[in-house]
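Chain A is the first sequence line, chain B the second, and so forth, proteins listed ahead of strands; every chain is numbered from 1. Note that the structure is a prediction, hence the values are computed from the model and not measured.
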Amino acid sequence: MGKYIVKRILITIPVLLMVTVFCFIIVNLAPGDPTDLYISENATEQQIAQMRSSLGIDQPFPIQYFKWLLNLVQGNLGFSFASRLPVIDVLPTKIIATVTLMASTLLVSYLLAIPLGIISARKQNGFVDNLITGVSFLGISIPNFFFGLALIYIFALQLGVLPTGGMETLGGSGGLVDRMQHLILPTIVLAAFYCSNMIRYVRASMIDIFAENYMRTATAKGLKETLILWGHGVRNAWVPIITVISTDIPKMLGGAIVTEQIFQWPGIGQWMISAINARDYPVLMAINLVAAVSVLVFNLLADLLYAAVDPRIRY
Amino acid sequence: MAINSILSVKDLTISFNTFEGEVNAVRGVTFDLKEGETLALVGESGSGKSVSTKAITQLLPQRHTTISKGEIWYHDHDLLKKSSKEMKKIRGKDIAMIFQDPMTSLNPTLTVGRQIAEPLIEHRGMTKQAAKVEAIALMRKVGIVAAEQRFHQYPHQFSGGMRQRVMIAIALACHPKILIADEPTTALDVTIQAQIIDLLKELQAEFATSTIFITHDLGVVANIADRVAVMYAGKIVEIGTVDEIFYNPKHPYTWGLLASMPTMKMDNDDLYTIPGSPPNLLNVPTGDPFSSRNMYALEIDFQEEPPMFKVSETHYAATWLLHPDAPSIEVPEEIKRRNEQFVSILAAKGADSDE
């Protein structure tokens, strides 16, 4: 097991290098030049050259990349072109904002989805199942920009009970209640998708499990229904559930771009959009790195958890 | 010699609602299971063997199943009228089951030990510790060596034969009055089959369990059963003691089954097969469903289903050939040979009882 973990971590190093190389190339190949944005239209050739050299983008790609990499190894993610602040100083506040939204979204989603998926599977093709499947289909299909704006219109503008966006009331005293109120709408919008998605996975795997011979054995033993369901049935559904969770988390860590934008949530998604608009290469590279690392980390965690929930899986 | 019946199935009629229509899987099955005996249910796939026995423990999928008629008496209770809650107390405790496929019948995510201990905790009110001790004893009893270590192992660490032993340990954990073994050896290879059959016989004698043994292997039947019920198209067509069924069969379908059984003495290479295939139970043909495959079919076979005719106190068969007005027919050679042996078996039995 320990050996397996070390091996997996060693494998991630070349993968991460490849990811950063590709990201660097794509970011730099994208049309537009940072100098266009940070210097007046009337700037002289010399001023532009000066700007380019101060941003470090006057050098060839490979040198730029290796400089970036050398800094990275030292824990330096460079300076944001736009704000001139060290990226490493801004990154944690953005991650905290996104993780807050992610935690509330996934918590709500899974607490609802797992029982609903099980109920749906048990009542397969019945009224309750059709209702749950129908609503979850809606949850997956509804565009989040539309759903988000609709919720803002109803709850913020018409009813005035919830804030339109942000993480806390500007100039307010803050506090937990205030933050919770700001969380509600973006959480609903994101959970609509993540919860529905999970319901479908749980339902499908539970339907398969209910048809398994070992479930018949459990019934033939005369066990109580709750024991049959949780002790014998759901136990076997953890592998697909873990798979979904381990892809959901990196997906959200990469930033809930549209939703954060609509609700002015100061997380990674919003930061990414502003960085793209500002051709802020160091910020984009940092966000890409966070996304890539989280994919790799949660994949590894999922693989380790598989072994914990399924005795047939051993490393 | 009246032995009490522990289970009486009366006129059991079951159909499944499918997309194509109503499938009449079981069409009026009646049999008794006597205390301590082994009753074999034999017949082709789809003849209703499994379905009849699953109805006993209410293991059929409720939504698609209609039990339109019948009674299943166990002690003074009609099991068909039991609520699922009441049935839970009977399943695994009074009536236990062993299934065909040991590879998939155990939960892959639970230790074998826990799976054996569960019914002990549920029905015998044991503590976890006591259940563990008892489960290890059961594992030894079914022939699992190093039971203490294997208690903590998972099903994938067991071979097919060993898993079936585990299933047997689970089934016998609460000393059930009735054991329903649904083709328990079909998925195993031949040498393992023999071991499992021997084990079942041994344990059945020890626990005095009445057994319903479902199989299509007549060799196994001869080895394990006291009585045999032959099923065809959702009905019992012949029922009797092993000797009566093997040496004095009356139903042409039983003749076909026996003739198609390979024996060591066979001198020709051709094994007899019953022509045709079982009828589609979506539309049960009028008359005897076997008539179209029956070379001895009479005209009435195509018009009316035969009732059960009594051959002896223990032997009944549903064929018009037993009607007093039926013409006499030439019985197949194989059956004639068997009939001759029956005479000597009867004589030997008679000598036994004289002593």
What part of B:Leu106 gets closer than 4.5 Å to chain A, counting heavy atoms only: side chain, backbone, both or neither? backbone
Does the distance from a Lys or Arg side-chain N to an Asp or Glu carboxylate O, for B:Lys141 and B:Glu206, drop under 4.0 Å? yes
Is the distance from the ring center of B:Phe207 to that of B:His175 below 6.0 Å? yes
Could you have a look at B:Ser84, B:Ser105, B:Gly92, B:Pro119 and say which one has the most heavy-atom pairs with chain A under 4.5 angstrom? B:Ser105
Any side-chain donor paired with an acceptor under 3.5 Å for A:Asn125 and A:Asn130? no
Let me know if B:Thr57 has heavy atoms under 4.5 Å from chain A in its side chain, its backbone, both or neither. neither
Residue part contacting chain A, namely of B:Met103, when any heavy atom lies under 4.5 Å: neither
Give, for atom CD of B:Gln204 and atom CD of B:Glu37, the distance between the pair rounded to the nearest 0.5 Å. 9.0 Å
Proximal component of B:Lys54, with respect to chain A [non-hydrogen, under 4.5 Å]: side chain
Among B:Met87, B:Lys88, B:His123, B:Gln115, which has the most heavy-atom pairs under 4.5 Å with chain A? B:Lys88
Go through the side-chain N and O atoms of A:His232 and B:Asn107 and say whether any donor and acceptor fall under 3.5 Å apart. yes
Most heavy-atom pairs under 4.5 Å with chain A, out of B:Arg91, B:Gln157, B:Arg114, B:Met97, belong to B:Arg91
With a 4.5 angstrom heavy-atom cut-off, is it the side chain or the backbone of B:Glu122 that approaches chain A, or both, or neither? side chain
Hey, are B:Glu148 and B:Lys132 close enough for a salt bridge, meaning a charged N less than 4.0 Å from a carboxylate O? no
Classify the side-chain pair B:Ser8/B:Tyr74 by whether it contains a donor and acceptor separated by less than 3.5 Å. no
Which of B:Gln100, B:Arg63, B:Lys93, B:Gln58 touches chain A most, by non-hydrogen pairs under 4.5 Å: B:Arg63
